[in-house]
Amino acid sequence: MTTAFLRRRRIAAAFAAAFLSAGLAGVSLAQQPAPEPIRLAMIEGLSGPFANAGEAVFRNLHWAVERVNQRGGVKLPGGARKLELVRMDSKGNAEEALSVLRGALDQRIGYVLQGNSSAVAAALIDALNKHNEREPSRRALFLNYSAVEPALTNERCSFWHFRFDAHADMRLAALMDVLKDDRGVQKAYLIGQDYSFGQYVVKQARTMIEARRPDVQIVGEELHPMGRVKDFLPYATKIRASGAQAVVTGNWGNDLTLLVKAVRDLGVPVKFYTFYGNALGVPATLGEAGVGSVLAVAEWHPNLGNAPSDALVAAFRKRYPDPKDDYLHARMQAMIELLAQAMERAKSADPVAVARAMEGLELDAAPLGGVHAGWMRADDHQFQQPLVVSQMDKLGAPGVKHDVEGSGYGFRTVRRFDAKQVEASHTCRMKRPD
């Protein structure tokens, strides 16, 4: 063999090896798995007396996660990562919630979502405080969408806890500002579930009414077992006997639905000033009797009357067309969006980095079509947002373009409060990690 021939063979072999290597690299790249999703553990009552409320929350959060994923996921330096919502059933009690929390932490899930029950939220916050101090390499954040006991962002505040709902004092202040102007109310009845949140609302409602309307007589003050009362007729009978023109309650889920049904069945002409009277069967239960008599307070409602709001409602109802699944809340959508935005700001999915990025972060509502606004106050991790008091009316009445749960009844705006109007002072003295 000539030297030239050997040289040509070596060159050919080198080219072949290069092409083979490139081909194998291409196969390797094609076979590389997608980046692991960022898992979010929703710990909520998905069975038991409040299962309908838990499932309604799941639909909201699932839809929010879907929308983030449809635009490619959370954009991070190592590549975009999808979100994954993991359902965990707490059965509505704190002991079970703590058990499933341990399971989530054992799976190294860094984000815990819960809200239906302030008592459960308090237990989760305490458990995460201890876990995060004991296991700094497996820290997790708690994102709260509905547990509104004020202490959770005041004396019991935690670096690991972020609340996305207006707390009870903020909600109640908005409701009581509306009641203050209702001169038809001379007597009020206060009733709530017998746990920390329900007790607080009853106590604080008295304080606020006495301050705003000292002429209003409190003619009843009642606490009942949470999730265990099947017949509210005895409570409705007391309300009728009291002569009250208004009932103030923080009840939610079936405890609210059954209460208003019992009062309706007795034909008692009272107004309900509620935190949650705009969904989960209450409008359908009340029917015509609820028109003009049920008020609710929330960060948003479907009849705010602008195009972006209408578009958000239409998109949700397209995703969940069954009327019984109609339960949309802007704060839950905002929570997932702000979480994704904090991760992108931190350039990391590490819970500590994300927590620091979320502090002071203002919501970019563009992914929601411009619906909603707010920012996460760094001092106490209480999300600051507008509040709206609305009143039940017939579908098609002025200001009622959308009904609730296919009931033929919806809610119209009575008064809207800007975030600054309902911003409350705090007593948080937050301990931050080094």
Side-chain angles (χ1 to χ4, degrees), residues 38-65 83-132 139-153 156-168 193 195-198 200 226-227 250 252-253 275-276 280 299 327 329 331-336 338-339 351 354-355 358 376 380-383:
I38 301 166
R39 290 183 294 167
L40 318 176
M42 188 192 89
I43 297 177
E44 198 52 87
L46 300 171
S47 59
F50 300 113
N52 62 334
E55 291 292 350
V57 167
F58 173 74
R59 288 191 294 275
N60 267 263
L61 299 181
H62 187 249
W63 189 53
V65 164
L83 300 178
E84 179 184 339
L85 187 64
V86 181
R87 290 166 54 101
M88 294 188 164
D89 185 9
S90 69
K91 301 180 176 61
N93 69 74
E95 185 176 337
E96 189 68 26
L98 291 174
S99 176
V100 295
L101 172 65
R102 287 190 289 273
L105 296 174
D106 286 344
Q107 296 178 50
R108 305 188 76 87
I109 295 177
Y111 298 91
V112 174
L113 286 52
Q114 185 270 341
N116 291 354
S117 170
S118 290
V120 171
L124 291 175
I125 292 168
D126 288 345
L128 281 171
N129 285 342
K130 294 170 184 174
H131 167 83
N132 289 344
R139 287 166 168 164
L141 295 187
F142 175 36
L143 308 182
N144 166 11
Y145 45 77
S146 292
V148 297
E149 186 182 346
L152 301 181
T153 47
R156 300 185 70 174
C157 69
S158 167
F159 177 80
W160 310 108
H161 167 233
F162 291 82
R163 172 155 51 199
F164 288 83
D165 198 352
H167 64 58
Q193 295 152 312
Y195 78 113
S196 56
F197 163 65
Y200 186 88
M226 179 180 170
W252 55 276
F275 280 35
Y276 307 110
L280 294 178
E299 74 287 347
Y327 181 89
H329 286 284
R331 68 179 182 272
M332 298 180 193
Q333 308 307 311
M335 182 180 79
I336 298 299
L338 199 74
L339 174 62
V354 172
M358 198 178 296
M376 180 57 69
D380 59 349
H381 293 184
Q382 171 65 56
F383 193 61

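Along the sequence shown, residues carry numbers from 1.
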Electrostatic pair D126:R156 at N-O distance under 4.0 angstrom: yes
Looking at side-chain heavy atoms only, is the closest gap between [X] and [Y] below 4.5 Å?
{"X": "L128", "Y": "L105", "value": "yes"}
{"X": "F383", "Y": "L338", "value": "yes"}
{"X": "L40", "Y": "L143", "value": "no"}
{"X": "V112", "Y": "L141", "value": "no"}
{"X": "Q114", "Y": "E44", "value": "yes"}
{"X": "H161", "Y": "T153", "value": "yes"}
{"X": "M226", "Y": "F50", "value": "yes"}

Nearest 0.5 Å, what's the [atom1]-[atom2] distance between [X] and [Y]?
{"X": "N144", "Y": "H167", "atom1": "CG", "atom2": "NE2", "result": "11.5 Å"}
{"X": "L46", "Y": "M88", "atom1": "CG", "atom2": "CE", "result": "11.0 Å"}
{"X": "L98", "Y": "L124", "atom1": "CG", "atom2": "CG", "result": "6.0 Å"}
{"X": "F159", "Y": "D380", "atom1": "CZ", "atom2": "CG", "result": "13.5 Å"}
{"X": "Q382", "Y": "D165", "atom1": "CD", "atom2": "CG", "result": "8.0 Å"}
{"X": "M42", "Y": "N116", "atom1": "CE", "atom2": "CG", "result": "8.5 Å"}

So which heavy atom on [X] is nearest to which on [Y], and how close?
{"X": "L152", "Y": "A121", "value": "CD1-CB, 3.9 Å"}
{"X": "S158", "Y": "N129", "value": "OG-OD1, 2.6 Å"}
{"X": "G250", "Y": "Q193", "value": "O-OE1, 4.1 Å"}
{"X": "A127", "Y": "L101", "value": "CB-CD2, 3.7 Å"}
{"X": "S117", "Y": "W252", "value": "N-CZ2, 4.3 Å"}
{"X": "V120", "Y": "A97", "value": "CG1-CB, 3.6 Å"}

For the pair [X] (side chain) and [Y] (backbone), establish whether a donor and an acceptor sit closer than 3.5 Å, ignoring hydrogens and angles.
{"X": "N132", "Y": "A140", "result": "yes"}
{"X": "S118", "Y": "F197", "result": "no"}
{"X": "R331", "Y": "S146", "result": "no"}

Please set out all donor-acceptor pairs under 3.5 angstrom arising from side-chain atoms of residues 58-65, sequence neighbours excluded.
residue	atom	partner	partner atom	Å
R59	NE	D325	O	3.3
R59	NH1	D325	OD1	3.3
N60	OD1	H329	N	2.9
N60	OD1	Q333	NE2	3.1
N60	ND2	A56	O	3.3
N60	ND2	Y327	O	2.3
H62	ND1	Y320	OH	3.4

Criterion side-chain contact (heavy atoms from CB on, under 4.5 Å) on L339 and V354, from CA distance to verdict: CA-CA 8 Å; L339 174 62; V354 172; 3.9 Å; yes
Contacts satisfying side-chain hydrogen bond (donor to acceptor under 3.5 Å, both in side chains) that involve residues 87-108 (not counting sequence neighbours) are R39-Q107, S47-D89, E55-R87
Under 6.0 Å between ring centres: does that hold for F164 and Y145? no
